[in-house]
Amino acid sequence: MDDTPASNFLQTIISEDLASGRVATVVTRFPPEPNGFLHIGHAKSISVNFGLAEANGGRCNLRFDDTNPEKESTVFTEAIEADVRWLGYQWDGEVRYASSYFQQFYDWAVHLVEQGNAYVCDLNADEAREYRGTLTEPGRNSPYRERSVAENLDLLARMKAGEFAEGARVLRAKIDMRSPNINMRDPILYRIRKAAHHQTGTEWSIYPTYDFAHGQEDAIEGVTHSICTLEFEDHRPLYDWFLDHLPVPSRPRQYEFGRLNPSYTVTSKRKLKQLVDEGVVGGWDDPRMPTISGMRRRGYPAAAIRRFCDMIGTTRSDGVVDVAMLEFAIREDLNENAARGMCVLNPLKVVLTDYPEGKVETLGAPRHPNRADLGERELPFTREIYIDADDFREEANKKYKRLVLGSRVRLRNAYVIEADEVIRNERGDITEIRAHTIADTLGENPADGVKPRGVIHWVSVSEGRTAEVRLYERLFNHASPDRGDNAFLDHINPESLSVVQQAWIEPALADAVPEQQFQFEREGYFVADRYDHSVEKPVFNKTIGLRDTWVDG
RNA sequence: UGGGGUGUCGCCAAGCGGCAAGGCACCAGGUUUUGAUCCUGGCAUUCGGAGGUUCGAAUCCUCCCACCCCAGCCA
């Protein structure tokens, strides 16, 4: 895709490391905790980590940071692996698990204790908080801080053996309770958890914290550049402290970049879960969700998501990225690759009075206006057709480029027609339009020089098929729904989903395969639903509308 | 009032002492059997603010301001 690595501060660092010989081969890693579904923010992290490795001839690992058994499960590890693969990336070797290093971590904890750099603390959570101090006040030493090495070793072994209740004791590093960086105030290394772990079962009753695990995981795997988001910046001194005090096999370095915050959406796991739990959306992969599986179901091409991640760059500043940029990337990809078809969402029947009853004329139409390689499709034309009700007016000004009584419009890929008459029901609603074709207008302009006002799409009444079409709009009607705590639910767009039960599609569209993407001409991009679509019962999801610059109605 | 960060066009973002890239959005034209695409042009005398250094500053120095992160036995 890209021949030159994107210019950003991380690439600059890597280039220097490679040039100086500090690093021979770049190794990065994408380290999600398997406690939820991946979202657009993770896509950015994936793009950064895999992208940097790829651009520099290195490797990238997929590693599950599974240090907290209570919230994790294999349904998430499986979903995450699928998402990463779908995005188009392949990790180096086997999937890694922090949990497979548990014994090593424990040995290192013993090492720390032996060196006098860690101790078992009996303070409970509330007491520990109190001793920790505040942002502006230093903390105080735990009364258990000066236990002997022997006692600490004994207590740690018994913690591991499961002798103590959850919360009864923890293992802490002995650093500095007066440090202005709260992470350095004797951070917790191990806590007691009796929960079963999805990988290690009941083997362990103590589990390492993120801080005591992450840098060592990187060191074990030979990760050279450990890239995370800005909120971990304060943890870097601790990350380095462990590497300084442990006999680790390599020396990784941590770098941080600014998290991706797209407008009109939320990315906090808690809030996404709330949307699912409260039934605001249909599930984690609802097409309106910013999850990778949601975007996939919505029809966003993986390549467009990757392109978007490249477009926005990688920096240390935090800001809100306009979703218009994501939308641009999606349209750019789909415009290039999606086959065209016609679908009438709001049907209005047109009878071509001069056209023979029962005649079916098979017209050919290109699948793509400027990609001959995609070939043609057959397009049956008949006396009765459907057009969209929005494409007809009894009268209109010159700017209305659709069908108007007494004037002409081109039927896309077919004839120019002229509307003659409107048929109404008892209530006065228009139920049908009578029109006639203009002779010899297949691929030709009318011989009399009277040009049609515009071009509209259509579907044959007898040859067309019906489909369910799900129309999606933004889930939120506020650019920053994430602000505030629960206020985000007040910004839900009540019209984020509307379903057209019986739209009319041209027959060629019924052959669609799940996840196949199309442009329904003049309407937008649509995808055959990954789960619900079938040839017998076609179901399409609206991915995104066409860019619309029509100003006057 | 502790520590760590960030501030360049509406949004994202290059730039790293030599005279403000690019993309998105927007606006104006052209082409067009999709009001799409495509093409052309426009869009920061100014870089959070104020001082200073220098022939020359978005880039260096000083002070100030705004915003973000940190007080889970979460990651």
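Quick note on labels: first sequence line is chain A, next is B, and so on, each numbered from 1. Side-chain atoms are counted along with the backbone in the values below, which use heavy atoms only and exclude waters and symmetry mates.
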> Is the distance between the ring centroids of A/His197 and A/Phe102 less than 6.0 Å?
Replying inline: yes
> Where the side chain of A/Arg340 is defined as all heavy atoms beyond and including C-beta, which of B/rU34, B/rC12, B/rA75 is the nearest nucleotide?
Replying inline: B/rU34
>> Please verify the inter-ring angle class for A/Trp504 with A/Tyr386; under 30° counts as parallel, over 60° as perpendicular, anything in between as tilted.
In response: tilted
> Do A/Arg193's NZ or CZ and the ring of A/Tyr207 fall within the cation-pi criteria of under 6.0 Å and 45°?
Replying inline: no
> How far does the C1' atom of B/rC73 sit from the matching atom of B/rC65, given to the nearest Å?
Replying inline: 39 Å
> Which nucleotide in the list B/rU34, B/rG4, B/rC73 gets nearest to the side chain of A/Glu233?
Replying inline: B/rG4
> Distance between the P atoms of B/rC47 and B/rA20, in whole angstroms?
Replying inline: 12 Å
>> With a 6.0 Å cut-off on the ring centroids, do A/Phe232 and A/Tyr239 count as close?
In response: no
> For the rings on A/Trp458 and A/Phe381, is their centre-to-centre separation under 6.0 Å?
Replying inline: yes
> When the distance from CZ of A/Phe257 to P of B/rU6 is rounded to whole Å, what number comes out?
Replying inline: 15 Å
>> Base, sugar-phosphate or nothing for A/Tyr207? Non-hydrogen atoms, less than 4.0 Å.
In response: nothing
> In the strands shown, is B/rC11 matched to any nucleotide by a Watson-Crick or G-U wobble pair with both distances under 3.5 Å, and which?
Replying inline: B/rG23
> According to the Watson-Crick and G-U wobble definitions, with both distances under 3.5 Å, which nucleotide is paired to B/rC60?
Replying inline: B/rG52
> Base, sugar-phosphate, or nothing: which does A/Ala324 touch, judged by heavy atoms less than 4.0 Å apart?
Replying inline: sugar-phosphate
> What nucleotide, of B/rG15, B/rG35, B/rA75, holds the atom closest to the side chain of A/Ser7?
Replying inline: B/rG15
> Should A/Arg193 be listed as having a side-chain N or O under 4.0 Å from OP1 or OP2 of B/rC74?
Replying inline: yes
> When rounded to the nearest Å, what value does the distance between P atoms of B/rG72 and B/rC61 take?
Replying inline: 36 Å
> Taking OP1 and OP2 of B/rG3, is either one under 4.0 Å from a side-chain nitrogen or oxygen of A/Thr136?
Replying inline: no
> Looking for any heavy atom pair under 4.0 Å, which part of the strands does A/Gly139 touch: base, sugar-phosphate only, or nothing?
Replying inline: nothing
> Does a nitrogen or oxygen in the side chain of A/Arg547 sit under 4.0 Å from OP1 or OP2 of B/rC24?
Replying inline: no
>> For a quick check of understanding: with a heavy-atom distance under 4.0 Å over all strands, which category does A/Thr134 fall into, base, sugar-phosphate or nothing?
In response: base
> So, is A/Ser317 close to the B/rC68 phosphate, meaning a side-chain N or O under 4.0 Å from OP1 or OP2?
Replying inline: no
>> Using whole Å, what does the distance between atom P of nucleotide B/rG3 and atom CE of A/Met177 come to?
In response: 18 Å
> Counting side-chain heavy atoms from C-beta on, which of B/rC69, B/rG5, B/rG2 comes nearest to A/Leu230?
Replying inline: B/rG5
> Taking the C1' atom of each, how far is B/rC12 from B/rC70, in whole Å?
Replying inline: 27 Å
>> At less than 4.0 Å, is any side-chain N or O atom of A/Thr209 found next to OP1 or OP2 of B/rG72? Yes or no.
In response: no
>> Please report the distance separating the C1' of B/rC64 from the corresponding atom of B/rC55, rounded so that it comes out in whole Å.
In response: 29 Å
> Can we call the ring centroids of A/Phe476 and A/Tyr264 under 6.0 Å apart?
Replying inline: no
>> Considering every strand and a 4.0 Å limit on heavy-atom distances, what is the contact class for A/Leu260: base, sugar-phosphate, or nothing?
In response: nothing
>> For B/rU6 and A/Arg316 - does any side-chain N or O of the residue sit under 4.0 Å from the phosphate oxygens OP1/OP2?
In response: yes
> Which is true for A/Met325 with a 4.0 Å heavy-atom rule: it touches a base, it touches only sugar-phosphate, or it touches nothing?
Replying inline: base
> When you measure from the side chain of A/Glu33, which nucleotide among B/rC74, B/rG2, B/rG35 comes out closest?
Replying inline: B/rC74
> A/Ile312 has a side chain; which of B/rC12, B/rA36, B/rG3 sits nearest to it?
Replying inline: B/rC12
> Within the structure shown, what part of the strands sits under 4.0 Å from A/Asn124 by heavy-atom distance: base, sugar-phosphate, or nothing?
Replying inline: base
>> For A/Tyr190 together with A/Phe212, are the ring centres under 6.0 Å from each other?
In response: yes
> To the nearest angstrom, how far is A/Leu189 atom CG from B/rC74 atom P?
Replying inline: 13 Å
> Taking atom P of B/rU1 as reference, at what distance in whole Å does atom CG of A/Leu135 sit?
Replying inline: 12 Å
>> Can you see whether A/Asp186 engages A/Tyr131 through a side-chain donor-acceptor pair at a distance of less than 3.5 angstrom?
In response: no
> Can you tell which of B/rG23, B/rA71, B/rA14 lies closest to the side chain of A/Thr315?
Replying inline: B/rA14
> Which part of the nucleic acid, if any, lies within contact of A/Asn413, taking any heavy atom under 4.0 Å across all strands shown: a base, the sugar-phosphate backbone alone, or nothing?
Replying inline: base
>> Over 60° means perpendicular and under 30° means parallel, so tell me whether A/Phe105 and A/Tyr101 are parallel, tilted or perpendicular.
In response: perpendicular
> Quick one: the side chain of A/Glu336 and the base of B/rU37, do they pair up donor-acceptor inside 3.5 Å?
Replying inline: no
> How close or far is atom P of B/rG72 from atom OH of A/Tyr210, stated in whole angstroms?
Replying inline: 17 Å
> Rounded to whole angstrom units, what separation is found between the CD1 atom of A/Ile182 and the P atom of B/rG3?
Replying inline: 12 Å
>> Taking B/rU8 as the reference, what is the distance to B/rC16 when you measure between their C1' atoms (whole Å, please)?
In response: 13 Å
>> Just the rounded figure in Å: distance from C1' of B/rG3 to CD of A/Glu137.
In response: 14 Å
> Using a cut-off of 4.0 Å on non-hydrogen atoms, how would the nucleic acid contact of A/Ser179 be classed: base, sugar-phosphate, or nothing?
Replying inline: nothing
> In residues 362-371 of chain A, which ones come under 4.0 Å of RNA chain B, going by heavy atoms?
Replying inline: A/Pro369
>> Within the 4.0 Å heavy-atom criterion, would you say A/Gly167 contacts the bases, only the backbone, or no part of the nucleic acid?
In response: base
>> Can you tell me the base-pairing partner of B/rA66? Count Watson-Crick or G-U wobble geometry only, both distances below 3.5 Å, and say none if there is no partner.
In response: B/rU6
> Reckon A/Arg402 touches a base, only the sugar-phosphate, or nothing at all at heavy-atom distances under 4.0 Å?
Replying inline: base
>> Using a heavy-atom cut-off of 4.0 Å across all strands, would you classify A/Val320 as base, sugar-phosphate, or nothing?
In response: sugar-phosphate
> Is the shortest side-chain N/O distance from A/Arg331 to OP1 or OP2 of B/rU37 below 4.0 Å?
Replying inline: no
> Any side-chain N or O of A/Arg259 under 4.0 Å from OP1/OP2 of B/rC69?
Replying inline: no
> Of the options A/Pro32, A/Ser73, A/Pro31, A/Pro34, which is the one that meets A/Asp66 in a side-chain contact (heavy atoms from CB on, under 4.5 Å)?
Replying inline: A/Pro34
> So what does A/Ile206 hit on the nucleic acid, given a heavy-atom distance under 4.0 Å: a base, only sugar-phosphate, or nothing?
Replying inline: nothing
>> So A/Asp234, base contact, sugar-phosphate only, or nothing? Heavy-atom distance under 4.0 Å.
In response: base
> In whole Å, what is the span from the NE2 atom of A/His235 to the P atom of B/rG5?
Replying inline: 14 Å
> Does the gap between the ring centers of A/Tyr525 and A/Phe518 come in under 6.0 Å?
Replying inline: no
